[in-house]
Asks: 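Could you have a look at this structure, given as structure tokens, before my questions?
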Amino acid sequence: MNAGAGINMNKGQTFLKLKGIALTAVCLLNVLLPGNAAAEGDPVPGGEAEPAIPIVADQGPYSIEVYPLRHKLVVFKDKKHFKTYPVAVGNLSTPTPVGEYQVIYKGKNWGPSFGPRWLGLNVPWGAYGIHGTNKPYSIGRHLSHGCIRMRNRDVEELYDLIPVGTKVTIAGHVLGDPGHEPRKLAQGAIGADVQLIQNRLKSAGYYSGVCNGKFLASTAEAVRRFQRDHGLRADGVVSAGVYEKLGLME
């Protein structure tokens, strides 16, 4: 490789790193400053169809699967089991997002609560990631705010192993713990269950915004229209009746 090629590659790497930082910053702003979040009516780039949950293609030899009920993070290499780590995951009120995502950013030393390493995921409704912790007693429990916590020595090992672009699959029922009723959803809620409701309402012709897992005003209005048409109280809250009419519960 000639020197010019090396310079171009360094510029490209710098651009990707800056892009990752910018994406993560936007996610953090959307979580911390909901009023500044993108409007739900924003068009999808390229007019592509949206799945109910983000679907990510395999990239590279590594992939990660997270099993919240078992508090396990499993690394695969060339589709074969490589290593398993114990983790902490979100509690019932702030669950770890279910679905298929991608590592879009890697960072170091964000603060004691995040341990020495951070691997950010492209969850559309907020900043979620795999990181260390200053609370090692939480490992093996449902004690995080949705992120996946690891022991610091484990996340350092994972950080060195996993490249940006790696697929991360988080298992679980999209409506939550199968032993509990799905949560009521109202304006201000975020999560995979919100994204699923948006997708169902969009398919039924009630919602025209982006299925981004953010329950903003346009989602509430779509729910109210659906409720009125199906003989339900039009309060904009997704409760058992709405889940049933959308075919998500029996």
Side-chain angles (χ1 to χ4, degrees), residues 20-21 24-25 27-32 34 53 62-77 81-164 166-185 188-194 213:
I21 293 170
T24 304
C27 287
L28 283 170
L29 284 172
N30 284 346
V31 172
L32 298 175
I53 299 175
Y62 292 101
S63 62
I64 293 172
E65 294 183 5
V66 180
Y67 300 93
L69 292 180
R70 292 159 49 194
H71 304 101
K72 298 291 183 185
L73 182 152
V74 184
V75 179
F76 292 87
K77 183 177 182 181
H81 177 266
F82 184 76
K83 194 153 189 177
T84 298
Y85 299 97
V87 295
V89 295
N91 58 45
L92 289 177
S93 61
T94 56
T96 297
V98 173
E100 294 184 357
Y101 306 103
Q102 196 171 40
V103 175
I104 58 169
Y105 172 72
K106 293 168 65 175
K108 297 181 179 181
N109 302 318
W110 277 29
S113 296
F114 301 104
R117 301 290 185 271
W118 167 279
L119 291 84
L121 305 179
N122 64 332
V123 179
W125 54 86
Y128 293 84
I130 303 167
H131 61 78
T133 182
N134 60 353
K135 299 176 180 177
Y137 60 84
S138 67
I139 303 300
R141 304 170 70 182
H142 284 72
L143 281 182
S144 84
H145 294 290
C147 286
I148 299 154
R149 296 180 187 169
M150 302 180 70
R151 295 190 179 106
N152 289 339
R153 65 176 182 270
D154 290 344
V155 78
E156 287 179 334
E157 183 175 276
L158 187 72
Y159 182 96
D160 291 338
L161 183 69
I162 297 300
V164 169
T166 297
K167 179 180 178 180
V168 178
T169 303
I170 302 175
H173 194 289
V174 73
L175 295 180
D177 186 334
H180 294 77
E181 291 291 320
R183 62 177 181 149
K184 285 187 176 182
L185 303 174
I190 58 173
D193 45 4
V194 175

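Worth knowing before you read on, the calculation uses all heavy atoms, side chains too, and leaves out hydrogens, waters and symmetry mates.
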Asks: Identify the heavy atoms of Ser138 and Thr133 that sit nearest to each other, and give their distance.
Replies: OG-OG1, 4.3 Å
Asks: Is the shortest heavy-atom distance from the side chain of Ile104 to the side chain of Leu121 under 4.5 Å?
Replies: no
Asks: What residues form a ring pair (Phe, Tyr, Trp, His ring centres under 6.0 Å) with Phe114, not counting sequence neighbours?
Replies: Trp118, His131
Asks: At what distance, to the nearest 0.5 angstrom, does CG of Asp193 lie from NZ of Lys184?
Replies: 14.5 Å
Asks: Has Lys106 got a side-chain atom pairing as donor or acceptor with Ile162's backbone, closer than 3.5 angstrom?
Replies: yes
Asks: Might you point out which heavy atoms bring Val155 and Arg117 nearest each other, and give the distance in Å?
Replies: CG1-CB, 3.9 Å
Asks: When rounded to the nearest 0.5 angstrom, what is the spacing between CD in Glu157 and CE in Met150?
Replies: 8.0 Å
Asks: Which atoms form the tightest heavy-atom contact between Gly172 and Val98, and what is the distance?
Replies: O-CG1, 3.3 Å
Asks: If you compare all heavy atoms of Thr96 against all heavy atoms of Ser144, which two are closest, and at what distance to 0.1 Å?
Replies: OG1-OG, 4.5 Å
Asks: First locate atom CD of Glu65, then atom CG of Leu73, and finally report the distance between them rounded to the nearest 0.5 Å.
Replies: 9.5 Å
Asks: How many angstroms lie between CZ in Arg149 and NE2 in His71, if you round to the nearest 0.5 Å?
Replies: 11.5 Å
Asks: Do side-chain atoms of Asn152 reach the backbone of Gly115 as a donor and acceptor pair under 3.5 angstrom?
Replies: no
Asks: Measuring from atom OG1 of Thr169 to atom CD of Gln102, what distance do you get when rounded to the nearest 0.5 angstrom?
Replies: 11.0 Å
Asks: Which residue in the set Ile148, Ile139, Val75 passes side-chain contact (heavy atoms from CB on, under 4.5 Å) when paired with Tyr85?
Replies: Val75
Asks: At their closest point, which heavy atom of His142 faces which heavy atom of Asn91, and how far apart are they?
Replies: O-CB, 3.5 Å
Asks: Do you know the tightest heavy-atom contact between Ile130 and Ile64?
Replies: CD1-CD1, 4.3 Å
Asks: Does the side chain of Pro86 come within less than 4.5 Å of Arg151's, by heavy atoms?
Replies: yes
Asks: Compare all side-chain heavy atoms of Pro116 with those of Tyr159 and state whether any distance is below 4.5 angstrom.
Replies: no
Asks: Val194 versus Arg183: any side-chain heavy-atom pair under 4.5 Å?
Replies: yes
